[in-house]
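Have a look at the structure below, then the notes.
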Amino acid sequence: MASSLPQGEQALGSVLKSKQKTKIGEFFSNLSRSWTGMLGFGIIMLLLFLSIFGPWITPYDPMHAEFSKGLLPPLTDGHLLGTDHLGRDIFSRIIMGARVSVIIGIATACIAGVIGTIVGIIAGYFRGWIDIVLMRLVDVQLSFPFIVLVLVINAIIGAGLRNIIISLAIGGWVIFARVIRSEVLALREKEFITSSIATGVSRLQILVKHILPNLFTPIIILASLQIGTYIIAEASISFLGFGVQPPTPAWGNMLNEGRDYIFSSWWLVTFPGIAIVITALGVNLFGDWLRDTLDPELKGE
Amino acid sequence: MAEEALLQVNRLKKYYGISQGLFKKDIIVRAVDDISFTVHRGETFALVGESGCGKSTTGKTILRLTEPTEGEVIFNGTDVATLQYNDMRSLRQQMQMVFQDPYASLNPKKTIKQLLMEPLRVHKKFKEKERLQKVTEMLDIVGLSKEYLDRYPHEFSGGQRQRIGIARAVILQPDFIVADEPVSALDVSVQSQVINLMLDLQKEFGLTYLFISHDLSVIEHMTDRVAVMYLGKIVEVADTETLFKDPKHPYTQALISAVPISHPAENKERIILKGDVPSPANPPSGCAFHTRCPFAMDICRQKEPETLLFEDGHTATCHLYTTKSREELNYVTSDSK
Amino acid sequence: MSDAILKIKNLKIEFKSGKETVQPIRGVNFELKKGETLGVVGESGSGKSVTSLAIMGLLPERTSKIVDGEINFKGNDITNLKEKQYRKIRGNEISMIFQEPMTSLNPVFTIGQQLSEPLRQHRNMSKKEIEKAVINVLNQVGIPRAEQIINEYPHQLSGGMRQRVMISLALLCEPDLMIADEPTTALDVTIQAQILELMKNIKQENDMSLLLITHDLGVVAEMCDRVVVMYAGEIVEVAEINELFNEPLHPYTRGLIDSMPTQNTRKERLYSIRGQVPRPNEITKGCVFANRCPLAFSKCFEETPPVFARDDHLSKCWLQNTKEGEVV
């Protein structure tokens with residue numbers, strides 16, 4: 001019923017009423033009013049659960065190859081989603097693959113977020129030549145397609161989990177820098193900043209105590225939306241044979257390995273593919289909901 | 001009133017350049033164009049004018065929230081316009097500001113306690129423990145309960161926020177406060193509360209106000225002297241009562257006559273001005289008001305008028321009074337002051 | 001009174017926000033007679049703008065609902081008209097001027113394009129006739145160089161000019177009723193004087209009725225024949241203009257008038273109404289103004305007062321109850 005309302009109005013309503021509630025209580029009462037937000041949140045929780053408790057849930061050892069049981073279709077011999085060409089259990093591999101996705105998504109968002117935020121703040125707050133230099137750098141990098149850039153960096157520094165995080169972060173910080181810079185530019189002109197200057201607050205304190213706290217919301221929103229991009233990018237890169245190397249299970253390289261069997265054994269590519277789609281969907285739904293809820297335009301009044 | 005000058009503004013100018021792209025010359029906007037006035041200690045000095053006349057810019061320039069292009073701002077004997085960054089920062093405890101928009105001028109992420117503690121912390125006033133005491137006292141003075149200490153600005157109404165804004169300015173016990181349209185964003189029934197608060201605080205702390213407003217009835221009520229601004233220039237300065245009784249400049253006359261009546265039975269003679277305020281980027285030649293002035297003469301289009309002094313420090317900048325005979329009007333030019 | 005052009009009877013409007021519903025309009029009654037200027041005075045949150053949107057059929061459809069009451073325009077109930085029927089009335093028989101002239105004009109169309117829109121919508125006129133009508137109406141609102149202005153864009157005009165364009169837009173189809181929602185609040189005093197003067201003249205020339213919504217008692221004194229005073233979603237007083245200023249019956253109205261700076265001695269404390277305007281979700285039983293009223297007594301906190309009439313002067317205050325009135 002209420003979920004048919006635009007999410008913005010729900011956020012508005014919740015701000016109106018939730019005076020005494022704790023932040024966590026507020027979070028859930030907000031969330032409960034949007035089924036898309038709930039779905040996204042549920043998927044993310046499931047992903048986190050799988051990546052932490054994966055080893056205890058998997059029915060089989062995801063690395064264990066048994067050639068005699070290769071290419072079993074789903075629901076045979078106790079293999080829920082079948083086995084791949086080496087006889088490894090696909091269900092177990094997907095569960096373990098969640099861990100790779102989650103690590104890459106979160107770690108990249110953290111690194112890219114920190115670098116991008118610092119650059120964005122410097123450019124936006126100090127303006128002048130440093131702003132021009134940094135932003136032209138960002139422009140140059142943004143003119144390359146993200147995935148191609150990450151592939152090139154990855155090809156240079158080599159494959160592996162750590163390196164793919166590094167290359168994704170190098171490719172991804174520019175978005176943060178851009179967004180944070182424009183946020184800072186807008187914030188600096190806000191009257192409460194002028195008010196602090198009039199009070200006599202020093203430049204550094206204004207930056208730390210007034211501008212930074214107002215950046216948390218955009219940073220969190222952006223990070224949550226970017227995580228989806230990173231997970232898909234990782235899958236694409238692993239699919240192309242860079243990135244996470246076999247036998248470590250990652251959804252991207254599972255797709256890659258299953259490619260040869262796409263016509264004979266569909267389940268090799270289908271299930272990792274579905275996992276990627278659901279994850280990206282979940283992260284984006286949650287990110288959208290977060291943006292609608294925290295959007296400063298809607299908050300306050 | 002002891003006529004001790006607290007603030008002297010001398011030939012202050014603030015020009016903005018608006019970039020027109022790479023190959024065109026920048027447009028120069030003369031937001032404040034060569035204005036001078038003196039504010040005495042303990043008085044309320046008003047700057048009045050319509051939007052775009054430069055009154056807010058003047059206020060901000062005096063507090064160095066924007067850098068002046070030219071001119072002096074002498075506060076208590078020091079020229080504010082040339083102070084170094086750190087000296088300026090410490091001088092700010094003596095000159096504070098109250099903003100127009102109580103919704104925009106308080107950081108939404110800070111509690112009332114944080115907002116009010118900040119000025120004390122920044123200027124290292126009192127010991128840590130006494131500060132909270134001081135903040136509670138201040139809240140009490142502006143009429144807010146101390147239960148509000150841990151609340152955020154968005155939980156308050158406009159009037160309450162403006163009280164917080166005022167508390168934040170007064171807590172350092174400054175000598176001088178620039179109040180930029182402090183009541184125009186508020187509901188009618190709340191406006192009078194805030195005006196009363198400002199009057200009370202002035203008495204209690206001996207504050208000097210530079211009161212910037214477009215609302216003539218508020219200005220008439222609470223200020224001592226008024227400067228009328230038009231297109232970046234001051235056209236008339238006078239004691240508030242004199243100004244409303246005997247406005248000299250045609251713009252002031254029109255402005256006062258344009259105020260809506262306060263009772264339906266009142267019959268007011270109106271001077272309806274033609275047209276709109278010209279752009280400060282391209283002000284008219286001569287007297288800037290001549291395009292709308294009902295008494296405009298040839299000389300007004302060609303020559304900028306001089307400022308003339310009437311009795312009791314009443315000055316006006318208008319050709320109407322220069323063309324008549326000197327004795328008749330009993331004036332002296334401002335140069336001979 | 002059969003000469004009423006607009007009658008609002010017991011109007012109640014609900015707004016949904018999230019799980020909560022608030023009722024910013026709780027039983028509003030008033031009439032606008034043909035040819036008169038009726039002022040609706042109130043502060044933010046009084047529901048004056050919501051009322052005007054309801055008359056125009058412009059309430060946000062998904063989040064608001066007229067739960068009770070009737071809006072009657074020229075004898076027809078227009079409360080539950082379909083959007084398509086409403087469009088025939090809107091801009092044609094009832095038109096509206098908004099507070100912010102910049103945001104109510106579309107920046108990508110020229111003035112001429114925007115002004116010909118309602119004529120194309122409601123009148124069967126040729127292109128030439130439309131252009132002539134547009135230039136004519138622009139001249140009427142005192143816009144110089146009308147022939148050139150029609151090819152200019154809103155941002156090329158000043159605030160006062162834009163408000164004139166808005167007024168001409170509202171005038172185009174020669175409406176019977178014009179609703180002006182804070183038409184001069186965003187303007188400077190000298191421009192406000194121009195626009196008010198213009199509205200007076202236009203009303204007279206075009207034989208219209210005017211519903212003027214404002215928070216400014218000065219503007220009301222200047223313009224109106226009768227006044228409706230709204231507070232927190234209710235009408236607290238209705239009176240003829242001179243009577244309202246001479247003998248306000250409701251303590252809220254009295255407070256508003258007394259707190260005008262011009263009604264107080266210079267440099268003295270102003271009379272002021274204590275407290276804040278309640279938010280819609282803060283309204284409890286009893287009189288809505290009781291918690292701020294200097295004259296409130298126990299009954300005010302218990303029971304909502306009915307409307308008491310003294311001739312044409314209505315007020316919603318227990319003090320006007322003749323029996324109770326003696327008690328105080």
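Every chain is numbered from 1, with letters handed out A, B, ... down the list of sequences.
If you measure heavy-atom distances from C:V277 to chain B, the contacts under 4.5 Å come from the side chain alone. Residue B:T44 touches chain C through its side chain alone, counting heavy-atom pairs closer than 4.5 Å. Residue contact with chain C, scored on non-hydrogen atoms closer than 4.5 Å, is absent for B:D215. Interface remark: C:M223 contributes no atoms to any contact with chain B (heavy atom separation under 4.5 Å). Proximity to chain C is absent for every atom of B:K268, based on heavy atoms less than 4.5 angstrom apart.
Distance alone, capped at 3.5 Å, places no donor-acceptor pair between the B:N196 side chain and the C:R269 backbone. Side chain of C:Q194 to main chain of B:I272: no donor-acceptor pair is present (N/O by atom type, distance under 3.5 Å, no hydrogens or angles). Between the side chain of B:Q193 and the backbone N or O of C:I273 there is at least one donor-acceptor pair closer than 3.5 Å.
You'll find the side chain of B:D224 reaches within 4.5 Å of the side chain of C:K267, heavy atoms only.
Summarising the local packing, CD of B:E204 is surrounded by more than 12 heavy atoms from other residues, nucleotides or ligands at distances under 6.0 Å. The number of heavy-atom neighbours closer than 6.0 Å to CD of C:E205, taken from other residues, nucleotides and ligands shown, is above 12.
Looking at every heavy atom in both residues, C:S44 comes nearest to B:D187 through OG-OD2, 2.7 Å. The shortest heavy-atom contact between B:Q160 and C:Q276 is CG-NE2, 3.3 Å. Of all non-hydrogen atoms in C:S259 and B:S192, the two that sit nearest each other are CB-OG, 3.5 Å. Nearest approach of B:T223 to C:R266, heavy atoms of both residues: O-NH1, 2.9 Å. Considering every non-hydrogen atom in both B:L255 and C:V189, the closest pair reads CD1-CG2, 4.1 Å. Taking all atoms of both residues into account, the shortest heavy-atom contact from C:E43 to B:V188 is OE2-N, 3.6 Å.
For the set B:V190, B:I195, B:D200, the entry with the most heavy-atom pairs within less than 4.5 Å of chain C is B:D200. Of the listed residues (B:P264, B:S157, B:P260, B:S279), the greatest number of heavy-atom pairs within a distance under 4.5 Å of chain C belongs to B:P264.
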Practice task
May I have the step-by-step check of side-chain contact (heavy atoms from CB on, under 4.5 Å) for B:S189 and C:L256, ending in yes or no?
Solution key: CA-CA 6 Å; B:S189 75; C:L256 276 188; 4.3 Å; yes
Handout entry: C:N246 vs B:H263, side-chain hydrogen bond (donor to acceptor under 3.5 Å, both in side chains): CA-CA, chis, key distance, verdict
Key = CA-CA 9 Å; C:N246 292 335; B:H263 191 283; 2.7 Å; yes
Practice task
Evaluate the side-chain hydrogen bond (donor to acceptor under 3.5 Å, both in side chains) criterion for residues C:T190 and B:R292: first the C-alpha distance (whole Å), next the side-chain angles of each, then the deciding distance (0.1 Å), finally the verdict.
Solution key: CA-CA 11 Å; C:T190 58; B:R292 302 173 76 197; 3.2 Å; yes
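Interface with chain B: from residues 137-146 of chain C, no residue qualifies, criterion being any non-hydrogen pair under 4.5 Å.
We find the OG1-CD distance between C:T262 and B:E220 to be 8.0 Å, quoted to the nearest 0.5 Å. Summarising the geometry, atom CD belonging to C:E268 is positioned 9.0 Å from atom CG belonging to B:L199; distances are rounded to the nearest 0.5 Å. The CG atom of C:L270 sits 3.5 Å away from atom NE2 of B:H221, with the distance rounded to the nearest 0.5 Å.
A salt bridge links C:E222 with B:R270; the closest basic N to acidic carboxylate O contact falls under 4.0 Å.
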